[in-house]
Amino acid sequence: MRIVTGGIAQETNTFQWQPTTLDDFQRPGFGTLVRGEQILALDGTGTVYGGVVAEARRRGITLVPTTYGGVMPGGRVTRAAFDALSEEILAGIRAALPVDGVLLVLHGAMALEDADDAEGLLIQAVRSVVGPNVPIVAPLDLHTNLSDEMIAGLDALVGYKEYPHTDMPETGAAALALLADTIAGECRPTMAHTRIPLIAPNQSMVTTWQSPLKHAIDRAREMEREPGVLAATLFGGFPFADVPFAGIASVVVTDDDPALARRCADELAAICWDRRDDFTIRPTSVADAIREAMDGRAGSVFVLADIADSGASGTAGDGTALLRGLMDAGARSAAVAQIMDPAAVAACVAAGVGAEVTLTVGGKHDRLHGPPLEISGMVRLIHEGSFLIAGPMGSGTVASRGRTVVLEIGGPGAIELQLTEVRGHPHDLNFFRAFGIEPAERRILTLKSAAHFRAAFEPIATKVIEVETPGISSADLSSFSYERLRRPIHPLDGDVRWSPGG
Ligand SMILES: [Zn+2]
């Protein structure tokens, strides 16, 4: 059996002004651009391909790798980047023909400068190369904004069921298995999807607590144990994408039973719809969060999540609200990951380790993440910026935020601020440990992360507090000026109605 594979994965925050370019895909530790054998070398990593490659090997399937490009979430992808990567993938598929199937590794919420549905375009293009009879299956992110075109071009899809996405390898393996079984004639996948008029903040999709979305995901797991159901997926959607089809959707794949698929997809969607008011998230104010952390007992660790400036949601990465709050409160034992500010990094590098500096940091990328902040401190560390991810999410991969400086504000034991050249997403303990900061020994950790941090940080945290900060991944969806999103939609519009089949 020969399966050709490749893909493009990016999550687009359309409120980010800065486009995502081919250079971003190629920047080590920020993007991943791998070809041929480099894809097969992802075997065993905590990535989708980690599971795809392992499952192909286990089944004795010949996996023909083309090109895979992944990158940190950000603004709309340039047409030039999308075309360059797509053409490589399509050329690889043409060269591999004849093949028995195609496994496309996609995110599901990628938008281009001039198109809202990049995945739909890529799937269509692949379909036109392989024709109608070669099955195409895709593993997809839980934050997929599902379009009709994606469904039309795929034979089956499987979404992650965990947020933090600790099940990327399992999902990749499940997609590969479903494709292989289809090729072998052991099943005939048929899909139904249900999109409901509901858009939700990321925190309401978390699966380390019984969030509203998790209620439906739990039911999807049950369905997958029922006869005839091959895969059941809940997409929470990515709400910071102003595209018509953003929001929550379900997809169920059955073995040649369209009525069962329809019934299951509607049931999963209805679970979300019935709980629609529970998807509202009410974060804690900066001052209250810091006060609670400072009042905590000795040895406690409070994670203050800067949820509106989350690196994994394509924000500015230079929001200052939490740092300002820490300074105003005279906080001690506080470590901040992180503020992107290449000019400040350059100034600290020029001053050198041990130098006292006064700088204006953050708030420079746009006007949506808090104003710049003047700080004084001592340069304690200058680091080239790259390090290994320990996991549980993304283990075995390398992250980099460019040159990184640790600045000590308020003397030893007060605030340790990481300044970085590139925006990052601190979801792993090594975002501190690599820079000489032991997170389990700090009272306050502030993280620019919406939810992925929970996989690594909940085990060491006394408490996690989602903090109300300004930014383009805010849980307050009414603060966004949507223009392309379909309306009416809950909770932006009053009295929105939906019923299965209605
Ligand atoms: Zn996601």
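Basis for what follows: all heavy atoms, side chains included, without hydrogens, waters or symmetry-related copies.
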Visitor: Which residues satisfy the ring pair (Phe, Tyr, Trp, His ring centres under 6.0 Å) test with His107, sequence neighbours excluded?
Guide: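 Not a single residue meets the ring pair (Phe, Tyr, Trp, His ring centres under 6.0 Å) criterion with His107.
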
Visitor: Do Thr469 and Asp306 have side-chain atoms, one donor and one acceptor, less than 3.5 Å apart?
Guide: yes

Visitor: Is the backbone N or O of Leu121 less than 3.5 Å from a side-chain atom of Glu149, with the two atoms forming a donor-acceptor pair by type?
Guide: no

Visitor: Short question: side chain of Glu119, backbone of Ala9 - any donor-acceptor pair under 3.5 Å?
Guide: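 Such a contact is absent between Glu119 side chain and Ala9 backbone.
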
Visitor: Nearest 0.5 Å please: distance from the OG atom of Ser481 over to the CG atom of Asp242.
Guide: 7.5 Å

Visitor: Which residue pairs pass the ring-ring contact (aromatic ring centres under 6.0 Å, His included) test when at least one of the two sits in residues 132-173, sequence neighbours left out?
Guide: His143-Tyr163, His143-His165, Tyr160-His165, Tyr163-His165, Tyr163-His452, His165-His452

Visitor: In chain order, what residues pass the ring pair (Phe, Tyr, Trp, His ring centres under 6.0 Å) check against Phe245, with sequence neighbours excluded?
Guide: none

Visitor: Could you label the plane-to-plane angle of the His427 and His425 rings as parallel, tilted or perpendicular, counting under 30° as parallel and over 60° as perpendicular?
Guide: parallel

Visitor: Find out whether Trp273 and Val496 are in side-chain contact, i.e. whether some heavy atom of one side chain is under 4.5 Å from a heavy atom of the other.
Guide: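 The answer is yes, as the side chains (C-beta and beyond) meet within the 4.5 Å cut-off.
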
Visitor: For Thr21, check side chain to side chain contact (heavy atoms under 4.5 Å, CB included) against everything at least two apart and list the hits.
Guide: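 If we apply the side chain to side chain contact (heavy atoms under 4.5 Å, CB included) test to Thr21, skipping adjacent residues, the hits are Asp23, Asp24, Thr78.
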
Visitor: Do Arg195 and Asp148 touch side chain to side chain, with heavy atoms closer than 4.5 Å?
Guide: yes

Visitor: With rounding to the nearest 0.5 angstrom, report the CG to CG distance, Asp83 to Leu122.
Guide: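 Going from CG on Asp83 over to CG on Leu122, the span is 10.5 Å.
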
Visitor: Are any non-hydrogen side-chain atoms of Leu157 and Ile151 less than 4.5 angstrom apart?
Guide: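 Yes, at least one pair of side-chain atoms sits under 4.5 Å.
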
Visitor: Is Glu466 salt-bridged to Arg454, going by a charged N under 4.0 Å from an acidic O?
Guide: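 A salt bridge links Glu466 with Arg454.
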
Visitor: Would Gln338 and Thr420 count as having a side-chain donor-acceptor pair, cut-off 3.5 Å?
Guide: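 Note: Gln338 and Thr420 side chains miss the donor-acceptor criterion.
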
Visitor: Between Gln10 (side chain only) and Val71 (backbone N and O only), is there a donor and an acceptor less than 3.5 Å apart?
Guide: no

Visitor: Apply ring pair (Phe, Tyr, Trp, His ring centres under 6.0 Å) to His193 and list each qualifying residue two or more places apart in sequence or on a separate chain.
Guide: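 Partners of His193 under the ring pair (Phe, Tyr, Trp, His ring centres under 6.0 Å) test: none.
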
Visitor: For Thr315 and Asp309, which I'm curious about, is there any donor-acceptor pair between the side chains at under 3.5 Å?
Guide: yes

Visitor: Are any of the side-chain heavy atoms of Thr171 and Val48 separated by less than 4.5 Å?
Guide: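 Thr171 vs Val48: side chains apart.
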
Visitor: According to side-chain hydrogen bond (donor to acceptor under 3.5 Å, both in side chains), who are the partners of Arg433, at least two apart in sequence or on a separate chain?
Guide: Glu438

Visitor: Show, in sequence, the C-alpha distance, side-chain angles and deciding distance for Gln418 and Arg401, and conclude whether the side-chain contact (heavy atoms from CB on, under 4.5 Å) test is met.
Guide: CA-CA 10 Å; Gln418 295 183 37; Arg401 298 166 302 175; 2.6 Å; yes

Visitor: What's the spacing between His365 NE2 and Ile472 CD1 if we round to 0.5 Å?
Guide: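 Rounded to the nearest 0.5 Å, the NE2-CD1 separation comes to 7.0 Å.
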
Visitor: Nearest 0.5 Å, please: how far is CZ in Arg76 from CH2 in Trp17?
Guide: 15.5 Å

Visitor: Do NZ/NE/NH1/NH2 and the carboxylate oxygens of Asp257 and Arg263 come within less than 4.0 Å?
Guide: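 Not counted as a salt bridge, because no side-chain N and carboxylate O are separated by less than 4.0 Å.
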
Visitor: To the nearest 0.5 Å, tell me how far Ile196 CD1 sits from Cys272 SG.
Guide: 5.0 Å

Visitor: If every non-hydrogen atom of Pro164 is compared with every non-hydrogen atom of Ala451, which pair is closest and at what distance?
Guide: CG-O, 3.6 Å

Visitor: Output all residues satisfying side-chain hydrogen bond (donor to acceptor under 3.5 Å, both in side chains) with Asp318, sequence neighbours left out; order by chain, then residue number.
Guide: none

Visitor: Assess the residue pair Leu63 and Thr5 against the criterion (side-chain contact (heavy atoms from CB on, under 4.5 Å)); give the C-alpha distance rounded to whole Å, side-chain angles, the decisive distance to 0.1 Å, and a yes or no.
Guide: CA-CA 7 Å; Leu63 202 57; Thr5 187; 3.9 Å; yes

Visitor: Under 6.0 Å from the CD atom of Glu186, do we count more than 12 heavy atoms belonging to anything else shown?
Guide: yes

Visitor: For residues Leu178 and Thr182, report the shortest heavy-atom separation together with the two atoms involved.
Guide: O-OG1, 2.7 Å

Visitor: Walk me through it: do Met393 and Met168 pass the test side-chain contact (heavy atoms from CB on, under 4.5 Å)?
Guide: CA-CA 8 Å; Met393 193 182 141; Met168 291 188 280; 4.1 Å; yes

Visitor: Does anything in residues 158-168 form a salt bridge (Lys or Arg N to Asp or Glu O under 4.0 Å)? List the pairs, not counting sequence neighbours.
Guide: Lys161-Glu224, Glu162-Arg221

Visitor: Test of understanding: with side-chain hydrogen bond (donor to acceptor under 3.5 Å, both in side chains), list the residues that count as partners of Thr67, not counting sequence neighbours.
Guide: Glu88

Visitor: Can you check whether Gly237's main-chain N or O pairs, donor with acceptor, with Asn145's side chain at less than 3.5 Å?
Guide: no

Visitor: Flag the pair Leu213 / Phe279 as yes when at least one side-chain heavy-atom distance between them is below 4.5 Å, and no otherwise.
Guide: yes

Visitor: The criterion is ring pair (Phe, Tyr, Trp, His ring centres under 6.0 Å); which residues satisfy it with Tyr68, sequence neighbours excluded?
Guide: Tyr49

Visitor: Report the residues that fulfil side-chain hydrogen bond (donor to acceptor under 3.5 Å, both in side chains) with Arg484, sequence neighbours left out, ordered by chain and then residue number.
Guide: Asp116

Visitor: Report, as yes or no, whether the 6.0 Å neighbourhood of atom CZ on Arg188 holds more than 12 heavy atoms from other residues, nucleotides or ligands.
Guide: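 For Arg188, atom CZ is not crowded (no more than 12 foreign heavy atoms under 6.0 Å).
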
Visitor: Would you call Ile8 and Ser86 a side-chain contact if the rule is heavy atoms closer than 4.5 Å?
Guide: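 Yes, their side chains come closer than 4.5 Å.
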
Visitor: For residues 225-232, dump all side-chain donor-acceptor pairs below 3.5 Å to protein atoms at least two apart in sequence or in another chain.
Guide:
unit_1 : atom_1 : unit_2 : atom_2 : d
Glu226 : OE2    : Arg219 : NH1    : 3.2
Glu226 : OE2    : Arg219 : NH2    : 3.3

Visitor: How close do Ser211 and Val206 get, counting heavy atoms only, and between which atoms?
Guide: OG-O, 2.6 Å

Visitor: Under a 4.0 Å N-O cut-off, is there an ion pair linking Asp155 with Arg127?
Guide: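 So Asp155 pairs with Arg127 through a salt bridge.
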
Visitor: Please report the shortest heavy-atom distance between Val77 and Ala81, naming the atom on each side.
Guide: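 So the minimum-distance heavy-atom pair works out to CG1-CB, 3.9 Å.
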
Visitor: Looking only at heavy atoms, which two atoms of Ala156 and Val253 are closest? And how far apart?
Guide: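 Nearest pair, atom of Ala156 first, then Val253: CB-CG1, 4.0 Å.
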
Visitor: Is there a side-chain contact (heavy atoms from CB on, under 4.5 Å) between Leu447 and Phe431? Walk through the geometry before answering.
Guide: CA-CA 10 Å; Leu447 304 173; Phe431 276 85; over 6 Å; no

Visitor: Would you say Val464 and Phe453 make side-chain contact, with heavy atoms under 4.5 Å?
Guide: yes

Visitor: Between Asn13 and Ser313, is there a donor-acceptor pair closer than 3.5 Å when you use the side chain of the first and the backbone of the second?
Guide: yes

Visitor: Between Glu421 and Arg403 (salt bridge meaning N to carboxylate O under 4.0 Å), is one present in this structure?
Guide: yes

Visitor: Quick check: closest heavy atoms across Met1 and Ile61, and the distance to 0.1 Å?
Guide: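 Looking at all heavy atoms of both residues, the shortest contact is O-CG2, 3.6 Å.
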
Visitor: Please check: side-chain N/O of Glu11 versus main-chain N/O of Ala109, any donor-acceptor pairing under 3.5 Å?
Guide: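 The answer is no, because no donor-acceptor pair under 3.5 Å joins these two groups.
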
Visitor: To the nearest 0.5 Å, tell me how far Thr144 OG1 sits from Phe238 CZ.
Guide: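 Separation between the atoms: 11.5 Å.
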
Visitor: I'd like to check Pro139 versus Val105 (side-chain heavy atoms, cut-off strictly below 4.5 Å). Are they in contact?
Guide: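 Result yes, sub-4.5 Å side-chain heavy-atom pair found.
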
Visitor: Tell me whether Asp255 contacts the main-chain N or O of Cys187 through its side chain, where contact means a donor paired with an acceptor under 3.5 Å.
Guide: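 The answer is no, because no donor-acceptor pair under 3.5 Å joins these two groups.
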
